[in-house]
Number of protein chains: 2
Amino acid sequence: MSIHPILADAAETDVFTVDCPAREILNRLGSKWVSLIIVALADRPHYFGELLKRIEGVSKKMLAQTLRILESYGLVERESKIFGSVVKVRYGLTEQGTSLVESLLTVYAWAQQNTEAMLSNQEAYRRTASHRGE
Amino acid sequence: MSIHPILADAAETDVFTVDCPAREILNRLGSKWVSLIIVALADRPHYFGELLKRIEGVSKKMLAQTLRILESYGLVERESKIFGSVVKVRYGLTEQGTSLVESLLTVYAWAQQNTEAMLSNQEAYRRTASHRGE
DNA sequence: CGGTATCCAATAAGATACTG
DNA sequence: CAGTATCTTATTGGATACCG
């Protein structure tokens, strides 16, 4: 197998280097809620409350905090809308944010197709237990 | 924009659900070293020491621990080889592990192309500081 | 509704030392 | 060389309460 072109490119802005900025970003994308929020916004913008309900398990704190980070990166944009006396805030992907969706969905699809095999493999691995003193 | 087919599929094994197994896996993949190790193994198998040197910043502990997790999932396989009196252990991707590489590299490529813009956007965002009491 | 502030728990990760 | 064990620190995430 030859070296993948993207991997070859990586040798210049080397992700394997400690001070690679992209490595920082990758770590951010890997945080518990980031990709989930981006994927949740993939089809259309959502209001804060909608996201809170759609993404089970996320707290207001984490949702707000993560949206703030994504906004700072320019992946997500806020829009306040007035409804009578209440203000609702709608979040949507920017063009840059949208450009990430396709890649994330590919990983998601992979996860959905491979999770079962991975988990059963893991169980078999544990039963072997040649690596634990039990 | 219509709902992406993958996202539509997701409605069944719903990633937005708290007990979605794929969500757990996705979180695992997002941990600090997992994707980096898989990408590092993309072109060819590596010995433990090679990985330790290639992936800057990783400690022996984290490398061993993460490799153990990937092995348990069946994404990575170990092979011990005898060289005279010393034993070297070579790690390589399984077929399943290889099937993940392409998706990961797409995200990596995106990160490398967008990191600069994101970081400068973030700096501008901080300067605005309309969200901090300073 | 859409947040913030504060405090606390869980987990991930790092340093260091030791082993076959 | 390729780890493991132990301890400590850093980072994340969650619960709760309060605010405009």
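Convention: sequence-line order gives letters A, B, ...; per-chain numbering from 1.
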salt_bridge([X], [Y]) N-O dist < 4.0 Å:
| X | Y | value |
| --- | --- | --- |
| K88(A) | E79(A) | no |
| E50(A) | R44(A) | yes |
| E123(B) | R127(B) | yes |

S31(A) side chain: which of dG3(D), dG13(D), dG2(C) is closest?
dG13(D)

Candidate nucleotides dG14(C), dG3(D), dG3(C), ranked by approach to the side chain of K60(B) - the nearest:
dG3(D)

Using a 4.0 Å heavy-atom cut-off across all strands, classify [X] as base, sugar-phosphate, or nothing.
| X | value |
| --- | --- |
| K61(B) | base |
| V86(B) | nothing |
| F83(B) | nothing |
| R90(B) | nothing |
| R28(B) | nothing |
| K88(A) | sugar-phosphate |

Tell me: [atom1] of [X] to [atom2] of [N], nearest whole Å?
| X | N | atom1 | atom2 | value |
| --- | --- | --- | --- | --- |
| R68(B) | dT4(D) | CZ | C1' | 10 Å |
| L51(B) | dC1(D) | CG | C1' | 13 Å |
| I37(A) | dG13(D) | CD1 | P | 10 Å |
| M62(B) | dT16(C) | CE | C1' | 16 Å |
| K53(B) | dG3(D) | NZ | C1' | 16 Å |
| K32(A) | dA10(C) | NZ | C1' | 10 Å |
| L63(A) | dC1(C) | CG | C1' | 13 Å |
| I55(A) | dG14(D) | CD1 | C1' | 16 Å |

Quick one: CD on Q122(A) to CG on L70(B), what's the gap to the nearest 0.5 Å?
10.5 Å

Within the structure, does a side-chain N or O atom of Y91(B) lie under 4.0 Å from either OP1 or OP2 of dG3(D)?
yes

Nearest heavy atom decides the nucleotide; on that basis, is G49(A) or G30(B) closer to the 5' end of DNA chain C?
G49(A)

Minimum heavy-atom separation for L51(B) and V58(B), please, with both atom names.
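Scanning both residues completely, I find the closest heavy atoms to be O-CG1, 4.5 Å.
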
